[in-house]
Amino acid sequence: MTGTDAHTGTEDPGTGGYAAARLRLLTEDARSGPPRRSALAGLTDDWLAGLFRAAAAPARGVSLVAVGGYGRGELSPRSDLDLVLLHDGSDPGAVAALADRIWYPVWDLGLSLDHSVRTPAEARTAAAEDLKVQLGLLDARHLAGDTTLSAGLRTAVLTDWRNQAPRRLPELRELCAERAARQGELRYLLEPDLKEARGGLRDATALRAVAASWLADAPREGLADARRRLLDIRDALHLATGRATDRLALQEQDQVADELGLLDADTLLRQVYEAARVIAYAADVTWREVGRVLRARAVRPRLRAMLGGGRPAAERSPLAEGVVEQDGEVGLARAARPDRDPVLPLRAAAAAAQAGLPLSPHAARHLAATARPLPTPWPAEAREQLVTLLGSGRPTVEVWEALEAEGLIARLLPDWERVRCRPQRNAVHVWTVDRHLIETAVRASALTRRVGRPDLLLVAALLHDIGKGWPGDHSVAGEIIAKDVAARIGFDRADAAVLATLVRHHLLLIETATRRDLDDPATVRSVADAVGTQSTLELLHALTEADALATGPAAWSSWRGNLVADLVRRVCGVLAGAAPDEPEPAAPTAEQERLAIEAFRTGGPVLALRAQTEPVSGAQPPTGEPEPLGVELLIAVPDQPGVLPAVAGVLAVHRLTVRTAELRALRLPDDVDDDGTILLLDWRVAAEYGSLPQAARLRTDLVRALDGTLDITGRLAERDAAYPRRRGWTAPPPRVTVAPAASRHATVIEVRAQDAPGLLHRIGTALEKAGVRVRSMHVSTLGANAVDAFYVTTGTGAPLPGEDAGSLARVLEETLRA
């Protein structure tokens with residue numbers, strides 16, 4: 001817009017020129033990052049100052065002040081302009097007219113504006129009442145008008161802040177904690193808010209405010225670079241989306257990465273996580289220091305009175321050789337010599353974790369600068385201290401982060417660098433790879449009483465996903481790395497082999513238990529062959545549970561724990577010498593047998609619904625309450641074609657989510673019928689929303705589905721058509737494979753796909769059309785992913801020939817892709 005301002009009737013100085021210059025600045029490739037932000041702020045300063053002068057503002061008593069991010073001279077492409085029109089209160093009417101002459105040109109250009117008109121006293125009152133206003137004013141910067149007025153406000157605001165710091169800093173800390181609880185941790189989120197999440201730009205601003213109070217200061221190492229990196233990424237996000245957004249959505253990450261010249265979206269996320277880790281660690285250290293200073297200020301007057309005015313020396317309590325506790329932190333003893341004691345970093349870390357205290361950042365920095373590297377292999381004490389650190393439970397996390405912040409972890413375990421801050425694009429995982437490994441060690445520390453070699457369990461927990469930093473199957477790559485690390489830290493050859501086996505097969509138990517027929521001898525034998533010994537199986541069982549618990553809430557539950565425990569029991573029997581070739585078939589329960597007999601006598605389906613809340617032995621939730629498994633749906637129906645798609649379809653029509661599902665053929669007792677076979681379906685279901693339907697209604701619809709009078713496919717299609725598809729993340733395509741040598745009695749077809757209503761109905765229908773019989777099946781969902789295994793045979797009960805099995809997998813995959 002140029003010429004006459006439509007709102008004020010006066011000449012608008014250079015608005016069109018500013019808009020053109022702004023566009024050139026944001027589109028040129030030669031300048032980016034801090035130079036561009038500074039140039040954009042300078043360009044905007046000149047324009048606003050011109051507006052102020054053109055509005056015939058008085059020389060004294062009025063000034064224009066930038067606050068917040070604009071006050072710091074940091075303007076991202078779509079940042080708000082935070083402005084205060086400051087005046088001495090002598091002519092409010094003239095000031096209001098002046099404000100219109102400045103605000104309206106800003107709005108006409110479509111720029112976001114956060115504005116206020118205040119006297120210095122009003123500004124100080126607003127700051128006293130609203131902490132966010134106070135934080136913005138701490139970065140106040142004069143733009144135009146009466147410099148004395150602006151300088152006076154800045155001096156007064158800083159003085160107020162420093163005088164009120166003992167009261168305002170706890171308020172600021174609480175504000176940061178509430179925001180973190182609401183927005184989550186920036187360094188672990190797949191769609192993070194660069195500003196609001198913990199470790200983001202808001203926290204960096206809070207650290208500046210703490211420094212301005214003169215009570216404490218943040219660790220400076222890497223902090224400015226981390227903040228600059230997040231600002232650069234936000235700039236690219238604004239340019240890529242054309243919006244004032246701070247949320248890095250999945251669908252925009254590739255474009256933002258390209259804008260920054262990065263390899264891919266994972267590289268982008270890793271930069272975000274690394275920056276967030278630095279800021280979050282600095283915040284932890286800073287707030288700890290603030291708390292210590294405020295406590296000391298509160299206690300010191302009383303101590304002076306008691307001790308006659310002298311200042312008492314901080315008490316130092318020994319924790320380990322060369323390690324002391326002082327003022328709530330773990331530091332180094334005066335006689336400690338890191339240059340002569342290479343085990344000291346691990347000893348200090350282990351002592352801190354065992355005591356549940358933070359490791360002093362000054363001590364960590366001193367250790368990083370002066371400690372000698374450990375020899376290869378490590379001495380026994382170093383290995384023992386590492387195990388002690390890993391086995392200390394929740395305090396391990398904070399201590400590990402302190403070591404990592406100073407580069408000590410990468411020095412101790414060079415392979416750690418490849419997994420540090422590495423994102424996991426899987427909704428089931430709530431952590432980055434490195435944090436998941438530490439979380440697994442934390443979980444494993446609670447299971448050490450269940451195993452004979454807790455040291456191997458804890459180190460395996462630390463290393464089980466270390467291969468995710470390398471191409472290919474992470475379990476295969478991890479096996480090699482684990483063997484090398486084990487030798488380097490001093491384990492003998494036999495222990496190193498066990499650790500390598502644990503890493504190689506850390507997914508074996510959970511995948512086998514949830515996707516294979518445990519009554520099939522080949523299943524149990526294959527696990528026994530992979531594990532080798534009972535002691536390794538014991539360790540693998542504990543590692544499996546710790547890994548799943550550390551993955552996220554969708555990865556472990558009572559029913560999964562029961563399945564794994566059942567598999568372990570069977571494999572343990574084989575390793576103890578029992579023959580797996582003739583297992584005892586699982587006897588039906590009294591209720592299952594009753595339902596089967598009733599189904600035989602009535603010639604139709606019989607079902608029962610009941611709540612399940614059975615906890616796993618040894619895996620009781622922390623609350624002590626049994627974990628709800630949803631509702632168990634037991635269905636018995638005479639063996640006939642179409643049972644699987646019919647049942648799955650009826651459940652989908654009634655909006656029931658299938659959590660787990662098993663199907664098997666049950667022989668009737670001889671005194672009932674010599675040849676009768678009943679299909680028994682044992683499923684766990686939950687209502688998508690609302691309450692569960694009545695069992696009688698489910699049975700009625702199931703009868704109709706089996707006799708063909710209920711059009712399940714049509715009903716599901718109508719429901720899908722009624723809900724428009726939402727844009728967002730696109731799920732990877734389904735994959736259907738034949739599991740080789742998984743069973744001698746059937747062909748195992750494994751399906752991995754995005755879970756969706758009617759998925760199991762579609763699979764069952766496709767298998768029915770292919771003319772195969774489902775001997776048994778094992779269905780489970782992990783987050784948004786369905787992982788299903790179907791044991792199928794020919795009509796005569798034999799495994800499918802190889803070519804037929806491959807053809808069936810291809811047809812089923814094409815069906816699910818359609």
Side-chain angles (χ1 to χ4, degrees), residues 342-343 346 373-391 400 403-404 408-420 422 424 433-434 436-441 443-445 447-448 451-512 526-547 550 571 575:
V343 181
L346 282 172
L374 284 164
T376 303
W378 289 7
E381 188 201 353
R383 187 172 66 256
E384 291 164 2
Q385 296 293 350
L386 173 65
V387 170
T388 301
L389 170 61
L390 296 176
W400 191 274
L403 296 177
E404 195 167 11
L408 284 163
I409 295 299
R411 192 184 304 176
L412 292 167
L413 300 169
D415 298 287
W416 192 260
E417 188 64 23
R418 281 183 173 262
V419 297
R420 183 173 57 83
R422 181 171 291 275
Q424 304 202 75
V433 177
D434 55 341
H436 169 69
L437 293 175
I438 297 303
E439 284 290 323
T440 306
R443 297 289 188 166
S445 68
L447 307 177
T448 51
V451 298
R453 289 293 304 273
D455 56 335
L456 295 182
L457 171 62
L458 293 167
V459 175
L462 181 70
L463 299 178
H464 75 279
D465 273 348
I466 198 75
K468 285 187 174 178
W470 297 81
D473 186 331
H474 77 279
S475 298
V476 175
E479 177 183 20
I480 299 170
I481 298 169
K483 190 175 293 185
D484 175 67
V485 171
R488 188 164 67 248
I489 66 179
F491 283 106
D492 62 28
R493 186 172 299 178
D495 287 346
V498 172
L499 284 171
T501 298
L502 294 173
V503 172
R504 174 67 180 87
H505 296 297
H506 69 273
L507 297 174
L508 177 64
L509 295 183
I510 192 71
E511 290 185 346
T512 302
S526 65
V527 174
D529 290 343
V531 174
T533 67
Q534 288 179 296
S535 59
T536 303
L537 177 65
E538 177 185 70
L539 289 166
L540 190 59
H541 187 190
L543 176 60
T544 298
E545 182 174 336
D547 182 19
V571 174
L575 293 173

Side chain to side chain contact (heavy atoms under 4.5 Å, CB included), that's the test. Do Asp547 and Ile510 meet it? Break it down for me. CA-CA 10 Å; Asp547 182 19; Ile510 192 71; over 6 Å; no

Please determine whether side chain to side chain contact (heavy atoms under 4.5 Å, CB included) holds for the pair Leu386 and Leu412, giving the CA-CA distance in whole Å, both sets of side-chain angles, and the decisive distance to 0.1 Å. CA-CA 10 Å; Leu386 173 65; Leu412 292 167; over 6 Å; no

Worked verdict on Phe491 versus Val498 for side chain to side chain contact (heavy atoms under 4.5 Å, CB included): CA-CA 10 Å; Phe491 283 106; Val498 172; over 6 Å; no

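Side-chain contact between Leu374 and Leu346 is present, with heavy atoms from C-beta onward closer than 4.5 Å. Leu463 has its side chain out of reach of Leu437: every pair of non-hydrogen atoms, C-beta onward, lies at least 4.5 Å apart. Considering only heavy atoms from C-beta on, Val571 stays 4.5 Å or farther from Leu509 through its side chain.
Among all heavy-atom pairs drawn from Glu417 and Ala410, the shortest one is OE1-CB, 3.9 Å. Nearest heavy-atom pair, Ala460 versus Leu499, reported as atom, atom and distance to 0.1 Å: N-CD2, 3.7 Å. Minimum interatomic distance between Pro377 and Gly490 (heavy atoms only, all atoms of both residues): CB-CA, 3.9 Å. The minimum heavy-atom distance linking Ile481 with Gly467 is given by the pair CD1-CA, 4.1 Å. The heavy-atom pair separating Leu537 from Leu575 by the smallest distance is CD2-CD1, 4.1 Å. Smallest separation of non-hydrogen atoms from Arg453 and Leu539: O-CD2, 3.4 Å.
With values rounded to the nearest 0.5 angstrom, Leu413 atom CG is found 12.0 Å from Asp434 atom CG. Atom CD of Glu538 sits about 9.5 Å away from atom OG1 of Thr533, to the nearest 0.5 Å. For the atom pair CG (Asp495) and CZ (Arg493), the distance works out to 12.5 Å, reported to the nearest 0.5 Å. The distance from the CG atom of Leu543 to the CG atom of Leu507 is 9.0 Å, given to the nearest 0.5 Å. In this structure, CD1 in Ile438 is found 6.5 Å from CG in Leu390, a value given to the nearest 0.5 Å. Taken from CG in Leu457 to OG1 in Thr440, the straight-line distance is 10.5 Å, to the nearest 0.5 Å.
The salt bridge (charged side-chain N to carboxylate O under 4.0 Å, His left out) contacts involving residues 375-389 comprise Arg347-Glu381, where partners must be two or more places apart or lie in separate chains. Residue pairs that meet the side-chain hydrogen bond (donor to acceptor under 3.5 Å, both in side chains) test with at least one member in residues 500-510, sequence neighbours left out, are Asp465-His506, His474-His506.
Take Asp529 and apply the salt bridge (Lys or Arg N to Asp or Glu O under 4.0 Å) test, not counting sequence neighbours, and it matches Arg525. By the ring pair (Phe, Tyr, Trp, His ring centres under 6.0 Å) test, Trp416 pairs with Trp400, sequence neighbours left out. With sequence neighbours excluded, the residues satisfying ring pair (Phe, Tyr, Trp, His ring centres under 6.0 Å) with His436 are His429, His464. Looking at residues two or more places apart in sequence or on another chain, you find no salt bridge (Lys or Arg N to Asp or Glu O under 4.0 Å) involving Arg422.
With a 6.0 Å radius and a threshold of 12 heavy atoms from other residues, nucleotides or ligands, Lys468 has its NZ atom above the threshold.
Between the side chain of Gln385 and the main chain of Val343, no donor-acceptor pair closer than 3.5 Å is present.
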